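Chain letters run A, B, ... following the sequence lines, proteins first, then strands; residues in each count from 1. Treat the numbers as computed from the prediction; the structure is a model and nothing was measured.
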Protein chains: 2
Amino acid sequence: MYCHRVPKQVDHAERRELIADAVLAVVARGGLEEASVRHVAAEAGVSVGMVQHYFRTKDELMRCALERVGARVQARMGEGVETPREMLRALFRQLLPLDEERAREGRVVLAFLAYATVRPEVGAELRADSSALRAHFAAGVVGSPLSPEVAAAGLFALLDGLGVQVLSGQLSVEAALETFDAFVELVLPLDI
Amino acid sequence: MYCHRVPKQVDHAERRELIADAVLAVVARGGLEEASVRHVAAEAGVSVGMVQHYFRTKDELMRCALERVGARVQARMGEGVETPREMLRALFRQLLPLDEERAREGRVVLAFLAYATVRPEVGAELRADSSALRAHFAAGVVGSPLSPEVAAAGLFALLDGLGVQVLSGQLSVEAALETFDAFVELVLPLDI
DNA sequence: ACGGATCCCATACGGTCGTATTGCGAAGGA
DNA sequence: TCCTTCGCAATACGACCGTATGGGATCCGT
């Protein structure tokens, strides 16, 4: 009879996460074009055959990796979003590539973003994540001269743009921080 | 003796531009990973051998293509930059993917941007172009509650971010326009 | 007219890619 | 204990990659 839901002896999901995380590491270091099955396997310290065992196709592998990016970003955005100003700062600190870990993550996101402009089905995941984030924030905006939706859209776009410019070396981290703070001041004036 | 500066019978530079433009077309349609020498040759309607004749290596080809992107964007920014408000609108119309041609261009830029985060030497070209643009604009900012540099950096980042979001399908063109206009209003209030 | 340079093409080569195939040790229900 | 299933590795295959090579045209200075 069928009884194949006992964990056998390895945790399927755990292995998949291990491999998917290896994808993200490879993409962060060398871009999407270096994310070959062989490289990913080497990064994860496993054999190519094992990657194939857990992901029947490379597409499935990349899809899983993309989902993990979204999950990571989502996990970063804690529920503690009190005042919009403080929430925005927190968001900012989490979304801007202020340290190496987030720079790696940002490179991954940017790689997938560029890929999404050309493979629209890839963009669905990113779209869902970001629109949820935006709506969540817009609901908390008060006291802005702009409508909440516009303020949210603009500030998120500003975050994206600053992130891209920092990652591509066009802007220093300090300049990005200063710029964002100044714009937050404009959009959400602190008139207690 | 040496006399090889007479145009022989084909215009070297013209051929190079033809092929480089084919690169941009391929990248716009399928991303950087589809920009193989063979695909580019097919797009340009020439043989692989001819591509090799005008570009000794693929790296040289891609570098030339990247330079052409910068040249195109630069060419779009006319010298007619009177008031910062109107100049900004003009810039915006040129930088946002409001029609298919600029969407294609935007996809190319985004592809190279993502590549630049992982191959820093590629970013030099983009960096030079964008910083020139930013400085040029900052010099014309007047009447902003922000410093010219910060205003310029923020608005350019906003443009980039809106462009990315439009290209990846996260934002509609209309919403991007509305958002940008609202932010311009904030940054450059029209107090004649 | 002729010799070399230029233009261009066709083809070949070595390498990497994604994936299919095969096999084998171990686990576990019958 | 047997035998199926699972976990995983090794290898093979065909496609595509960037580039090297060699050979025909065609032009041009001499």
Side-chain angles (χ1 to χ4, degrees), chain A residues 1-23 25-27 29-66 111 115 118-119 121-122, chain B residues 1-23 25-27 29-66 111 115 118-119 121-122:
Chain A
M1 76 182 300
Y2 279 73
C3 195
H4 50 159
R5 279 306 140 217
V6 287
K8 305 296 177 187
Q9 77 216 56
V10 300
D11 186 342
H12 211 85
E14 186 180 316
R15 294 277 199 201
R16 283 173 65 97
E17 289 179 8
L18 175 90
I19 297 172
D21 284 347
V23 173
V26 171
V27 172
R29 189 183 331 114
L32 269 183
E33 53 270 335
E34 291 200 2
S36 72
V37 174
R38 281 165 240 257
H39 284 163
V40 168
E43 173 77 28
V46 302
S47 75
V48 176
M50 179 165 151
V51 174
Q52 286 189 270
H53 184 72
Y54 287 100
F55 299 93
R56 286 188 305 198
T57 176
K58 186 188 178 181
D59 219 71
E60 188 183 326
L61 170 61
M62 299 307 283
R63 193 178 312 275
C64 178
L66 178 56
Y115 194 60
V118 116
R119 282 314 120 82
E121 77 275 11
V122 174
Chain B
M1 75 183 302
Y2 278 72
C3 197
H4 50 160
R5 280 306 138 219
V6 287
K8 305 295 176 191
Q9 77 218 54
V10 300
D11 186 342
H12 212 86
E14 186 180 316
R15 294 276 199 202
R16 283 173 66 96
E17 291 179 6
L18 175 88
I19 297 171
D21 284 347
V23 173
V26 171
V27 172
R29 190 182 332 115
L32 269 183
E33 53 270 336
E34 291 201 2
S36 73
V37 174
R38 281 164 239 257
H39 284 163
V40 169
E43 174 76 29
V46 302
S47 75
V48 175
M50 180 166 151
V51 174
Q52 287 189 269
H53 187 249
Y54 287 100
F55 298 94
R56 285 189 306 198
T57 177
K58 186 188 178 181
D59 218 71
E60 189 182 325
L61 169 61
M62 298 307 282
R63 192 178 313 275
C64 178
L66 177 56
Y115 194 61
V118 115
R119 286 308 124 82
E121 77 275 10
V122 174

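Residue His39(A) places no side-chain N or O under 4.0 Å from the OP1 or OP2 atom of dT16(C). Residue Thr57(B) has a polar side-chain atom (N or O) positioned under 4.0 Å from OP1 or OP2 of dT19(D). For Ser47(A) and dC8(D), the shortest distance from a side-chain N or O to OP1 or OP2 is not below 4.0 Å. Look at Arg15(A) and you'll find a side-chain N or O under 4.0 angstrom from OP1 or OP2 of dC8(D). Neither OP1 nor OP2 of dC7(C) sits under 4.0 Å from any side-chain N or O of Tyr54(B).
Taking atom NE2 on His53(A) and atom C1' on dG7(D), their separation rounds to 5 Å, with Å as the unit. As rounded to whole Å, 12 Å separates atom P of dT19(D) from atom CZ of Arg56(B). Atom pair His12(B):NE2 and dA5(C):P shows a separation of 17 Å (rounding to whole Å applied). The distance from atom CE of Met62(A) to atom P of dC17(C) is 13 Å, rounded to the nearest whole Å. Glu33(B) has its CD atom 12 Å from the P atom of dC17(D), to the nearest Å. Summarising the geometry, the separation between CD on Gln52(B) and P on dA20(D) is reported as 8 Å, rounded to the nearest angstrom. Separating the CD atom of Glu14(A) from the C1' atom of dG7(D) is a distance of 15 Å, rounded to the nearest angstrom. Rounded to whole Å, atom P of dC16(D) lies 15 Å from atom NZ of Lys58(B).
Using a 4.5 Å cut-off on side-chain heavy atoms (C-beta onward), Lys58(B) and Val40(B) make no contact. Here the side chains of Glu34(A) and Glu43(A) are not in contact, with every heavy-atom distance at 4.5 Å or above. No side-chain heavy atom of Phe55(B) sits under 4.5 Å from any side-chain heavy atom of Arg63(B).
As judged by a 4.0 angstrom heavy-atom cut-off over every strand, Arg38(B) is placed among the base-contacting residues.
The distance from atom NE2 of His53(A) to atom NE2 of His12(A), rounded to the nearest 0.5 Å, is 6.0 Å. Distance CZ/Arg119(B) to CD/Glu33(A): 6.0 Å, rounded to 0.5 Å.
Distance from the side chain of Met50(B) is smallest to dC9(C) among dC8(D), dA20(D), dC9(C).
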